[in-house]
Amino acid sequence: MIVAVLERRLDELKAVVSDLSDEPRLFEEFIKQYGGVAAFHAKASIGIGSGSLGQAVSRLRSEADDVMHHMLSRAIASNALPGDVTTEDVQLAARMIAGVAAYLDGDQDEMLDRAMRIIASGLRSLG
């Protein structure tokens with residue numbers, strides 16, 4: 001079940017990158033999805049161990065990281081993000097978005113959009 005959920009979320013990430021590859025909003029839409037994947041992956045990884053389930057979850061995390069690298073290169077190429085934004089920056093932003101999704105009250109979509117504007121603005125100012 002865990003692997004099936006992670007595979008579905010990974011397919012959603014791939015679709016975002018494919019559908020919005022040249023769009024300025026690629027990063028924002030990707031990071032919203034990636035934040036949910038990262039939060040679920042963190043919960044799923046607790047106590048899994050190194051058996052076949054652990055290997056499958058690790059493989060899917062690696063695939064998600066590959067999708068993130070592709071998204072980042074597309075976002076930089078389209079000038080949506082500066083060239084010095086790193087994958088570590090994106091992973092940190094995803095954790096921040098996961099926190100917003102998990103802990104803020106109110107209209108979650110509105111809060112996520114507001115958080116994304118703040119994070120994207122900060123990342124854009126790095127350049």
Side-chain angles (χ1 to χ4, degrees):
M1 180 72 154
I2 291 171
V3 172
V5 171
L6 285 171
E7 286 174 337
R8 184 175 54 85
R9 296 264 175 115
L10 182 57
D11 288 342
E12 291 169 357
L13 281 177
K14 289 176 182 177
V16 166
V17 174
S18 176
D19 294 346
L20 302 175
S21 184
D22 296 321
E23 297 283 332
R25 62 191 177 104
L26 169 62
F27 171 73
E28 286 88 350
E29 295 302 321
F30 176 87
I31 204 71
K32 285 183 208 175
Q33 295 284 332
Y34 191 86
V37 172
F40 184 82
H41 187 275
K43 290 176 186 174
S45 295
I46 296 172
I48 283 181
S50 60
S52 61
L53 178 59
Q55 291 171 352
V57 169
S58 179
R59 175 185 56 81
L60 290 169
R61 180 178 184 111
S62 179
E63 286 184 39
D65 288 346
D66 289 345
V67 174
M68 181 188 55
H69 285 93
H70 180 69
M71 177 284 306
L72 184 57
S73 68
R74 294 302 314 145
I76 290 170
S78 67
N79 294 317
L81 292 175
D84 59 349
V85 173
T86 66
T87 55
E88 290 81 14
D89 295 331
V90 176
Q91 289 169 338
L92 178 59
R95 288 185 197 108
M96 294 164 67
I97 291 300
V100 169
Y103 298 110
L104 289 181
D105 293 330
D107 183 344
Q108 197 170 43
D109 288 338
E110 182 181 317
M111 293 299 217
L112 283 172
D113 287 342
R114 183 174 178 201
M116 275 312 312
R117 287 192 304 272
I118 292 168
I119 290 170
S121 174
L123 286 173
R124 287 184 185 116
S125 71
L126 291 175

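- For the pair Ser73 (side chain) and His70 (backbone), a donor-acceptor distance under 3.5 Å is present.
- Distance check, rounded to the nearest 0.5 Å: CD of Glu63 to NZ of Lys14 gives 5.0 Å.
- Just one of Val90, Asp66, Val16 meets the side-chain contact (heavy atoms from CB on, under 4.5 Å) condition when paired with Met71; it is Val90.
- Atom-to-atom distance recorded for Ile31:CD1 and Met68:CE is 8.0 Å, nearest 0.5 angstrom.
- Pairs of residues two or more places apart, or lying in two chains, that qualify as ring pair (Phe, Tyr, Trp, His ring centres under 6.0 Å) and include a residue from residues 14-33 are Phe30-Tyr34.
- Note that OG1 of Thr87 is 4.0 Å distant from NE2 of His69, once rounded to the nearest 0.5 Å.
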Show which side-chain atoms of residues 17-26 pair as donor or acceptor with protein atoms under 3.5 Å away, not counting sequence neighbours.
from: Ser21; atom 1: OG; to: Arg74; atom 2: NE; distance (Å): 3.1
from: Asp22; atom 1: OD1; to: Arg74; atom 2: NH2; distance (Å): 2.2

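- The structure places CD1 of Ile119 at 8.0 Å from CG of Leu92, a figure rounded to the nearest 0.5 Å.
- A side-chain donor-acceptor contact under 3.5 Å links Asp89 and Thr86.
- Counting non-hydrogen atoms of other residues, nucleotides and ligands closer than 6.0 Å to CZ of Arg114 gives a total of 12 or fewer.
- Across Ile76 and Pro82, no two heavy atoms sit closer than the pair CG1-O, 3.5 Å.
- Put simply, CG on Leu123 and CD on Glu28 are 9.5 Å apart, with the number rounded to the nearest 0.5 Å.
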